[in-house]
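Every chain is numbered from 1 and lettered A, B, ... according to where its sequence line falls, protein lines coming before strand lines. From a predicted model like this one, the values you see are computed outputs, not experimental measurements.
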Protein chains: 2
Amino acid sequence: MELHKHSEMCDCNEVHSEVVDRVKEVMEDTEVLYSLSDFFKVISDSTRIRIMAALDSGEMCVCDLSALLEMTKSAISHQLKVLKDAKLVKSRREGKNVYYSLKDDHVRLIFEMGIEHIKEID
Amino acid sequence: MELHKHSEMCDCNEVHSEVVDRVKEVMEDTEVLYSLSDFFKVISDSTRIRIMAALDSGEMCVCDLSALLEMTKSAISHQLKVLKDAKLVKSRREGKNVYYSLKDDHVRLIFEMGIEHIKEID
DNA sequence: TGAATGGTTGAACAACTGTTCAACTGTATT
DNA sequence: AATACAGTTGAACAGTTGTTCAACCATTCA
């Protein structure tokens, strides 16, 4: 995951320090924002988002996802691992197959809001 | 932005084609999902998300953002351009300063849902 | 037990992306 | 007109990331 480091340099001479100080107080905590960007990073990959859109219809095995998205099982499996680490999907084995499904209803809402957003843009 | 290309290979022998076909029908259109991942990509960078969190308190000039986030004006400016291209912020010039502000109330909701989500994870 | 299929994993490569640096434009002030 | 400061821009570099490839494990079936 991202390292979240940056230089400490600010090359400004004149700053509205009353504004900066006030925002510094009110603004969401930096660590929370780092977690938030990490979360969005997980769902910002087109393969992962297509996997989640597929699983929105119900559980599927790796093979079926591979056929649906026209990608190798390996590529799908790698991305499923990322989604699982982020606790966005869960899995269960049944014989030779491993079935994946969405873990969180919450994420569905974020999806819908995102789609609503991009459809509203001029 | 991302190229959204992938190989067409599927290395599966046995596929539940009735499942795959059904999901293919129901599933959100691929192009929409590509746009969606592009949108999430914009807000998945920690610098950009911190800029947006700052602008949530009101408009700020590049210099103040630079001081607040302890980064160079150049770095801030580059990211502001990305946010502006994505129509997430707007700008106005006043003398030597350029003031940026959030363009879309919609995004605030997506933010809040994201924060709610990461705070709910076990 | 051996063969076949489903799935996972780690290394490597290529593509992408964020920051830096230097040069530049725009505006105000003297 | 010259200076100073705010902000922008493009190239370059380093760090990150997604897919491929090959090898591997797990399970079923003959």
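Computed from coordinates, the A:Y34 OH to C:dG18 P distance equals 14 Å when rounded to whole Å. Atom CG in A:D38 sits about 13 Å away from atom P in C:dG18, given to the nearest Å. For the pair A:M60 CE and C:dG7 C1', the computed distance is 15 Å after rounding to whole Å. The separation between A:H16 atom NE2 and D:dA6 atom P is 9 Å, rounded to whole Å. At whole-Å resolution of the value, NZ in A:K81 and C1' in D:dC24 are 16 Å apart. Atom C1' of nucleotide C:dG7 and atom CE of A:M71 are separated by 15 Å, given to the nearest angstrom. Separating the CG atom of B:D64 from the C1' atom of D:dC5 is a distance of 14 Å, rounded to the nearest angstrom. Atom pair A:I51:CD1 and C:dG7:P shows a separation of 13 Å (rounding to whole Å applied).
Remark on the helix from C:dT1-D:dA30 to C:dT30-D:dA1: inter-end axis angle 10°, axes from five-pair C1' superpositions, rounded to 10°.
Checked against D:dT8, C:dT8, C:dG7, the side chain of A:Y100 finds its nearest nucleotide in C:dT8. Considering only the side chain of A:K73, C:dG6 comes nearest among D:dT20, D:dG18, C:dG6. Out of C:dT20, C:dG18, D:dG7, the shortest distance to the side chain of B:Q79 is found at C:dG18. Side-chain proximity of A:N97 to C:dG7, D:dG18, D:dA6: nearest is C:dG7.
Sequence order on DNA chain D of the closest nucleotides to A:V82 and B:V62 puts B:V62 first from the 5' end.
In this structure B:E31 satisfies the salt bridge (charged side-chain N to carboxylate O under 4.0 Å, His left out) test with no other residue, sequence neighbours excluded. Remark: B:E18 engages no residue in a side-chain hydrogen bond (donor to acceptor under 3.5 Å, both in side chains) (not counting sequence neighbours). Residues passing the side chain to side chain contact (heavy atoms under 4.5 Å, CB included) test with B:S74, sequence neighbours excluded: B:T72, B:H78. With sequence neighbours left out, B:D85 forms a salt bridge (charged side-chain N to carboxylate O under 4.0 Å, His left out) with B:K81.
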Between protein and nucleotides 22-30 of chain C, map the contacts as a letter string: B base, S sugar-phosphate only, - none, heavy atoms under 4.0 Å, written 5' to 3'. B---BBS--

List the steps and the verdict of side-chain contact (heavy atoms from CB on, under 4.5 Å) for B:V62 and B:L65. CA-CA 5 Å; B:V62 178; B:L65 285 167; 5.6 Å; no

Show your working on side-chain contact (heavy atoms from CB on, under 4.5 Å) between A:V98 and A:R93 and close with a plain yes or no. CA-CA 4 Å; A:V98 176; A:R93 181 178 274 276; 3.9 Å; yes

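Between the side chain of A:D64 and the main chain of B:H16, a donor-acceptor pair closer than 3.5 Å is present.
Between the side chain of A:H78 and the base of D:dT20, a donor-acceptor pair under 3.5 Å is found.
Of all heavy-atom pairs spanning A:L69 and A:R50, the tightest one is O-NH2, 3.3 Å.
At least one side-chain nitrogen or oxygen of A:T72 sits closer than 4.0 Å to the OP1 or OP2 atom of D:dT20.
Results of the side chain to side chain contact (heavy atoms under 4.5 Å, CB included) test with B:V42 over B:R48, B:M52, B:K87 single out B:R48 as the only residue that passes.
In this pair, B:F40 and A:F40 present their aromatic rings parallel. The plane angle is below 30°, not in the 30 to 60° band.
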